[in-house]
Amino acid sequence: QQQVKQSPQSLIVQKGGISIINCAYENTAFDYFPWYQQFPGKGPALLIAIRPDVSEKKEGRFTISFNKSAKQFSLHIMDSQPGDSATYFCAASMSTGFQKLVFGTGTRLLVSP
Amino acid sequence: SAVISQKPSRDICQRGTSLTIQCQVDSQVTMMFWYRQQPGQSLTLIATANQGSEATYESGFVIDKFPISRPNLTFSTLTVSNMSPEDSSIYLCSVGITGSHEQYFGPGTRLTVT
């Protein structure tokens with residue numbers, strides 16, 4: 001119940017295209033859903049996050065779509081650029097306790113020039 | 001946000017030895033976390049380290065293997081004890097921002113055990 005399932009495992013998108021990464025969770029106590037971007041040799045960087053009281057959040061070219069009834073959320077990267085090539089992790093946490101993050105398995109994105 | 005540094009950035013150690021990883025943050029934070037990321041894999045939480053209390057370990061991680069100190073609100077250490085090649089991983093610390101869910105990560109320590 002603590003798992004967050006992420007797909008696809010890897011993704012190749014042409015420059016200018018839309019990258020879409022999906023995540024699903026089981027635990028309805030989760031109430032915070034961030035996305036992290038990680039470049040090789042670096043720590044994960046917080047990209048964008050959403051709470052379940054909204055269905056969409058947009059920051060620049062990055063959008064999170066959230067479907068509470070389906071317990072799914074997704075990251076959309078518009079106008080994908082080669083510099084977006086990285087590994088993306090979705091995660092989830094609860095307000096109670098230590099607010100520990102449970103991470104998805106990661107998606108390796110390659111944006112071809 | 002917060003600026004987090006870790007030392008060392010990488011190390012190669014012999015099996016049976018121990019390595020202490022330091023995590024320093026530029027502001028006072030209540031919650032600090034230690035994660036392990038095996039090559040090409042996701043992040044797994046080792047323990048939560050709050051100042052003034054014992055660290056709370058996740059299932060599969062024990063204090064004898066991964067002792068943690070949290071002497072103040074800006075610093076923590078993780079020791080990887082009696083290392084074996086299976087401990088070869090990236091070890092990351094993160095901090096939780098008080099009043100929000102946001103967590104920020106350090107650059108990681110890449111450990112190779114031979």
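Keep in mind it's a predicted model, so treat the numbers as computed, not measured. In the text below, chain A, chain B and the rest are named by the order of the sequence lines, each starting its count at 1.
A:Pro44 touches chain B through backbone and side chain together, each having a heavy atom under 4.5 Å away. For chain A, no part of B:Gln6 is nearby; none of its heavy atoms comes within less than 4.5 Å. Residue contact with chain A, scored on non-hydrogen atoms closer than 4.5 Å, involves the side chain of B:Leu45 exclusively. Of the atoms belonging to A:Gln6, not a single heavy atom falls under 4.5 Å from chain B. Interface residue A:Leu46: only side-chain heavy atoms are found under 4.5 Å from chain B. Contact of B:Thr44 with chain A is not made at all, since no heavy-atom distance falls under 4.5 Å.
Between the side chain of B:Ser42 and the backbone N or O of A:Gly106 there is no donor-acceptor pair closer than 3.5 Å.
For the residue pair A:Gln99 and B:Gln103, no side-chain donor N or O sits within less than 3.5 Å of a side-chain acceptor on the partner.
Neither A:Leu47 nor A:Phe39 shares a network with the other; the hydrophobic side chains, linked directly or stepwise wherever heavy atoms of I, L, V, M, F, W or Y lie under 4.5 Å apart, form separate groups for each. Following chains of ILVMFWY side-chain contacts shorter than 4.5 Å, one cannot reach A:Ile20 starting from A:Val4, and the two form parts of different hydrophobic clusters. Connection of B:Phe66 to B:Leu43 is not established within any shared hydrophobic cluster, with ILVMFWY side chains joined at heavy-atom distances below 4.5 Å, either directly or through further cluster members. A continuous path of ILVMFWY side-chain contacts below 4.5 Å connects B:Met83 to B:Ile68, so both sit in one hydrophobic cluster. By the rule that hydrophobic residues join a cluster once side-chain heavy atoms approach within less than 4.5 Å of another member, A:Ile48 and A:Phe73 end up as members of one cluster.
Within 6.0 Å of the CD atom in A:Glu59, the count of heavy atoms belonging to other residues, nucleotides or ligands exceeds 12. More than 12 non-hydrogen atoms from other residues, nucleotides or ligands lie less than 6.0 angstrom from CD of A:Glu56. Crowding of A:Leu110 atom CG: a count of heavy atoms from other residues, nucleotides or ligands under 6.0 Å exceeding 12.
Atoms NE2 and CZ, from B:His101 and A:Phe30 in turn, are 11.5 Å apart once rounded to the nearest 0.5 Å.
Ring orientation note: the planes of A:Phe103 and B:Tyr35 are nearly perpendicular, at an angle over 60° on the 30°/60° scale.
Of the listed residues (B:Asn50, B:Ile4, B:Thr30), the greatest number of heavy-atom pairs within a distance under 4.5 Å of chain A belongs to B:Asn50. Annotation: maximal heavy-atom pairing with chain A below 4.5 Å, among B:Arg110, B:Arg10, B:Glu58, occurs at B:Glu58.
Contact between B:Gln41 and A:Phe89 at its shortest, heavy atoms only, is O-CZ, 3.9 Å.
Residues B:Phe105 and A:Lys42 have side chains not in contact (no heavy-atom distance under 4.5 Å, counting atoms from C-beta outward).
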